[in-house]
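Here the structure is laid out as structure tokens; the discussion comes afterwards.
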2 protein chains.
Amino acid sequence: MSTRQRSGATSSDVAALAGVSQSAVSRAFTPGSSLAEEKRLRIVEAAKKLNYVPNSIARSLTTRRSNIVAVILGNTANPFYLQVLEAFILRLQGQGRQVLTFTVPNGGDSDEAILRVLRYQVDGVILTSAQLSTRMVSLCHDRGIPVVLFNRYIPGSDASGVRCANAEGGRLIAEAFLAAGARTFAMIHGDPKGTTSQDRARGFVDKLAEAGIARSAITSLEGHSVYDGAFNAVSRHYRDGKAKLPDAIFGINDIMAMGAIDALGQRFGLKVPDDVMIGGFDDIAEGRRFPYRLTTVRQPIDTMVEKALDILHLDEPLRPIQPGIDVQVPGRLIWRQSIPAPRSRTPDGAA
Amino acid sequence: MSTRQRSGATSSDVAALAGVSQSAVSRAFTPGSSLAEEKRLRIVEAAKKLNYVPNSIARSLTTRRSNIVAVILGNTANPFYLQVLEAFILRLQGQGRQVLTFTVPNGGDSDEAILRVLRYQVDGVILTSAQLSTRMVSLCHDRGIPVVLFNRYIPGSDASGVRCANAEGGRLIAEAFLAAGARTFAMIHGDPKGTTSQDRARGFVDKLAEAGIARSAITSLEGHSVYDGAFNAVSRHYRDGKAKLPDAIFGINDIMAMGAIDALGQRFGLKVPDDVMIGGFDDIAEGRRFPYRLTTVRQPIDTMVEKALDILHLDEPLRPIQPGIDVQVPGRLIWRQSIPAPRSRTPDGAA
DNA sequence: TTGAAAGCGCTAACAG
DNA sequence: CTGTTAGCGCTTTCAA
């Protein structure tokens, strides 16, 4: 029966068995280091016999590189960010790196998570949660740990980030509504402090203004970025004919748009798009399904993930961190049935 | 401009500034170690001044404990396992531990992930993906790293695990169908090699047999544990009236049950439960929503997560690993509208 | 190409 | 309570 004390063979054990020096063993497991082929083979064999696996912790101590990237998640209730997490894991795994995952309560600050991450000497941090004190940003910066904000930014800070062109995306939805003949609107906001929500709303309102729609023709509801929030907001606002139903509702993200559709259906027996048209943002898998068939703005997750990792420069650890990089990736309108398509569009196709 | 070389102040730096020994600094950051309060304060102050954060990597090297737990995910297309991941992260984070997340392609084996995990000296491994060679189990065992299988087991192996009482859950759904008057059935299987799918199906069929339903009255479809798989299987099998529709369909998990409901609605204009009744398993959030309102068996995630962590015995690392623990947690039937409720039941309530 | 030796930053006896 | 000392397992000069 094994005890938890022992943690397996070390490079010295392997060295002894193979009759070489301990550094030779180290070299045998370091691609690109010079070692006689015959010797390498003997070492690998000895290692196999002892079930030797190199200790990455010890390696990290000397190299000062952990090969670990931290991903800090905010709103896990939004499937979009779970998809993002998965994309990061897949890509990073493919590069031989590991992902340390943290969640912070929706709207909470990520300072505590950052502090933990610092202790583990991660090579980089991806942050998808809203709040981050600039103090933490500089703490990471001082220690040479690059941070990239995913889909958010801190105005006035020099933190780097990649995000979807949110305002432009908001405009796309407005255009779609307009093309389908809508004249009165509602939008369901997410986190009122989040730049993502604000930007999408701004683009939406701006485009509408250009088309001559007064701000007063646009109702604002608060959905707090989650399904239930949107469901409840819509249920409450329009119950008993209290407020007049608009022609179109913009869910600032898909999950809220879905909440709105379900509230309309369940509470008021209303059909989309016959009674109200709905637009979303993100293009999550759930929104593509039969009951929703959401017209939405697709965020190109893979591209965004790739660009985020580019900013991290994991392969060139010595390169100084460049502050203030702000990459914006355009979203793309995906037409489905939740907004009646103008004649020139085909459902489920691109804009 | 900072370079990536330097990685911050060390305990020696703090010691120098505070005028104490380096070990005093170590003690100041180790709860429960004896140190004069006045001295501790001075150290903390010096640490703050230097932005000192203890290096967990170095700590792990000496203590042989990383405070890291690995979670290896199989089918990420099933929201249930994402919920499980989140539950683990939340709980582990609360204990001051970190989570290293891995994904393995659906049906792929997790050996490669395990090997990586071993290098990082994790304190424990949670595995939710099907395939795991017994060689890897013993590799972990030898190194004193406890492994627990979540919702699956390897017959004949001494790997520990926690799972829902799947067969019993399958029986619950069968009972519900029977109570609602169904006489002909279909079930949509997940991974045909997965014990989870097999057990649920077995319980379902057994219960039906006891009620006098012949095996030939039960159609088997393959949904591969994913939404699209179930959607396609149902669309294909029943198109053009090729096969006769059963009274009830059991989706071996919720996400497949949802795929079935959508296929029925979109392809054949059929309504649930009026035309066909549907049962699921898992009780994922998506299945509770208006378009689905799935009657299902709830897996008590929190309980299961708790029991899984109990098996890991993270707090008593010296305790030898006990092989072959197999905890089964009962599921609970949740009545919703996808199966017509007998008079004695209230929708959304417990069985 | 190879081995010896010096750490990486920290914890853990062990004296005092 | 506190400082000294000896490593944890590995990488990396530095000579040979």
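Letters A, B, ... are given to chains in the order of the sequence lines, protein chains preceding strands, and every chain is numbered from 1. In this text the structure is predicted, and so the values were computed from the model without any measurement.
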**Study point:** Least distance between heavy atoms, A:I43 atom then A:A24 atom
**Key:** CD1-O, 3.7 Å
Review point. What heavy-atom pair brings A:L314 and A:V69 nearest, and what distance separates the two atoms?
Key: CD2-CG2, 3.9 Å
Exercise for review: Examine C:dG3: is either OP1 or OP2 under 4.0 Å from a nitrogen or oxygen in the side chain of A:S21? Give yes or no.
Suggested key: yes
Check your understanding: Does A:K39 make a side-chain N or O approach to OP1 or OP2 of C:dT1 shorter than 4.0 Å?
Key -> no
Review point. Within the distance-only criterion (no hydrogens, no angle test), does the side chain of A:S160 pair as donor or acceptor with the backbone N or O of A:V148 below 3.5 angstrom?
Key: no
Review point. Counting only heavy atoms not in B:E112, do more than 12 sit closer than 6.0 Å to its CD atom?
Key: no
Point to revise | Basic-acidic side-chain contact under 4.0 Å: B:D315, B:R65 | key: no
Review point. Step by step, would you call B:R135 with B:D142 a salt bridge (charged side-chain N to carboxylate O under 4.0 Å, His left out)?
Key: CA-CA 10 Å; B:R135 173 161 171 267; B:D142 287 353; over 6 Å; no
Take the protein atom [atom1] of [X] and the nucleotide atom [atom2] of [N], then report the distance between them rounded to whole Å.
| X | N | atom1 | atom2 | answer |
| --- | --- | --- | --- | --- |
| B:R42 | D:dC1 | CZ | P | 15 Å |
| A:R65 | D:dC10 | CZ | C1' | 17 Å |
| B:L61 | C:dC8 | CG | C1' | 9 Å |
| A:I43 | C:dT2 | CD1 | P | 8 Å |
| A:D13 | D:dG9 | CG | P | 9 Å |
| A:R143 | C:dG9 | CZ | P | 10 Å |
| A:L50 | D:dG9 | CG | C1' | 15 Å |

Check your understanding: B:N55 has a side chain; which of C:dC8, C:dC10, D:dG9 sits nearest to it?
Key -> C:dC10
Point to revise | Given D:dG3, D:dT2, C:dT1, the nucleotide with the shortest approach to the side chain of B:L35 | key: D:dT2
Point to revise | Summary of protein contacts for nucleotides 11-16 of chain D, nucleotide by nucleotide, where a base hit scores B, a sugar-phosphate-only hit scores S (4.0 Å, heavy atoms) | key: BBB---
**Study point:** CG on B:L127 to CE on B:M136, rounded to 0.5 Å
**Key:** 11.5 Å
